[in-house]
Engineer: 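This is the structure I have questions about; it appears just below.
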There are 2 protein chains.
Amino acid sequence: MNESDVFRALADPNRRAVLERLLDGEKNATELRERLRISQPAVSQHVAVLRGAGLIAEKKEGRHVRYSLAPEGLTPVLDWLTRYRAFWPARVERLKALLKEMDQ
Amino acid sequence: MNESDVFRALADPNRRAVLERLLDGEKNATELRERLRISQPAVSQHVAVLRGAGLIAEKKEGRHVRYSLAPEGLTPVLDWLTRYRAFWPARVERLKALLKEMDQ
DNA sequence: TCCACAGATAAGTATCTGCTTATCTATAAC
DNA sequence: GTTATAGATAAGCAGATACTTATCTGTGGA
């Protein structure tokens, strides 16, 4: 749940790919594995790291487990980034537009 | 300059401490080392990683080197985060206030 | 010219990471 | 029950990481 855990979790491309897949909804471990060229245990281990970092949540349904993005998981990153707001690039304009869009 | 480099660079607490120190302006390597309990070469190596990730810039002045935060360095993180905006927490409200404040 | 100092590089080492195969646990289907 | 399947765990290994001490490079000042 701390900054180091979250940044370390995000540093691995396969783990970011797992999060990416969860963007369009809940998935079980087998579905998460689809595009990744790693073994089932490797996926399971990555999922454990992501869960440990608070980035994903899981819900057991019989012998399946549904994984989903944890809404508060990115909080440490956002908090950290906020401290560096003076060094955000021109992209801030885009961000503003984004937030306006979210209002509607 | 890619996501992996940046997240990996940010995953280390000593490297985040270096960035933290740069928040209040340019520093040379010796100044960066002050609060850290690691050797001079270790600092130098961390600085190299941060530079490689595009997070800091350096400016040689005689035999000193002034390090500073690179304004565009966080772009990959902001871009990545943007894709997950639907999973940002209530903190978005804070962010909006922040941006409004930056307008003034 | 010579020395001091800022910082980088080299080399070595202990620990951490990400992966594998093999195995275990638990639920579902028959 | 027995068997198939989803997922976790164990153990082992190769490569990456973070650190150390020792050394090198280059600039500034005496």
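Everything numeric in this text was worked out from a predicted model, so none of it was measured. We name chains A, B, ... by the order of the sequence lines, and we start the count at 1 in each one.
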Engineer: Go through B:Leu50 and B:Leu19 one step at a time and tell me if the side-chain contact (heavy atoms from CB on, under 4.5 Å) criterion holds.
Structural biologist: CA-CA 9 Å; B:Leu50 289 167; B:Leu19 295 179; 4.1 Å; yes

Engineer: Can you tell me how far P of C:dT17 sits from CZ of B:Phe7, to the nearest Å?
Structural biologist: 17 Å

Engineer: Where along residues 10-35 of chain B does a heavy atom fall under 4.0 Å from DNA chain C?
Structural biologist: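 Within this stretch, B:Asn28, B:Ala29, B:Thr30 sit under 4.0 Å of the strand.
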
Engineer: Which heavy atom in B:Ile38 sits nearest to a heavy atom in B:Arg33, and how many Å separate them?
Structural biologist: O-NE, 2.9 Å

Engineer: For nucleotides 24-29 of chain C, list the nitrogen or oxygen atoms of the protein found under 3.5 Å from its nitrogen or oxygen atoms, one pair per line.
Structural biologist:
from, atom 1, to, atom 2, distance (Å)
C:dA28, O4', A:Arg63, NE, 3.4

Engineer: Does the ring centre of A:Trp88 sit less than 6.0 Å away from the ring centre of A:Tyr84?
Structural biologist: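 Between A:Trp88 and A:Tyr84, which both carry aromatic rings, the centre distance is not below 6.0 Å.
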
Engineer: Could you pull out all residues at least two apart from B:Ala29 that satisfy side chain to side chain contact (heavy atoms under 4.5 Å, CB included)?
Structural biologist: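 B:Ala29: side chain to side chain contact (heavy atoms under 4.5 Å, CB included) contacts with B:Tyr67.
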
Engineer: Holding to salt bridge (Lys or Arg N to Asp or Glu O under 4.0 Å), I want the full list of residues that pass it with B:Glu26, two or more places apart in sequence or in another chain.
Structural biologist: B:Lys59, B:Arg66

Engineer: Is there a side-chain contact between B:Tyr67 and the phosphate of C:dA6, meaning an N or O under 4.0 Å from OP1 or OP2?
Structural biologist: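 No, because none of the side-chain N or O atoms of B:Tyr67 sits under 4.0 Å from OP1 or OP2 of C:dA6.
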
Engineer: So which pairs with a foot in residues 34-61 of chain A pass ring-ring contact (aromatic ring centres under 6.0 Å, His included), sequence neighbours left out?
Structural biologist: none

Engineer: For DNA chain D, which residues in residues 36-49 of chain A have a heavy atom at a distance below 4.0 Å?
Structural biologist: A:Gln40, A:Pro41, A:Ser44, A:Gln45

Engineer: Look at B:Glu34 together with B:Arg21 and state whether they make a salt bridge at an N to O cut-off of under 4.0 Å.
Structural biologist: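 Yes.
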
Engineer: Any base atoms under 4.0 Å from A:Arg8, or only sugar-phosphate, or nothing? Heavy atoms, all strands.
Structural biologist: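 Sugar-phosphate contact only.
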
Engineer: Go through it in stages, so that I can follow the logic: the residues are A:Ser4 and B:Arg16, the test is side-chain hydrogen bond (donor to acceptor under 3.5 Å, both in side chains), and I'd like the CA-CA distance, side-chain angles, deciding distance and then a yes or no.
Structural biologist: CA-CA 9 Å; A:Ser4 285; B:Arg16 288 201 308 281; 2.8 Å; yes

Engineer: Around atom CZ of A:Arg83, are there more than 12 heavy atoms from other residues, nucleotides or ligands closer than 6.0 Å?
Structural biologist: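 Correct, the count exceeds 12.
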
Engineer: Within the structure provided, determine whether A:Asp12 and B:Phe7 are in side-chain contact (heavy-atom separation under 4.5 Å).
Structural biologist: no

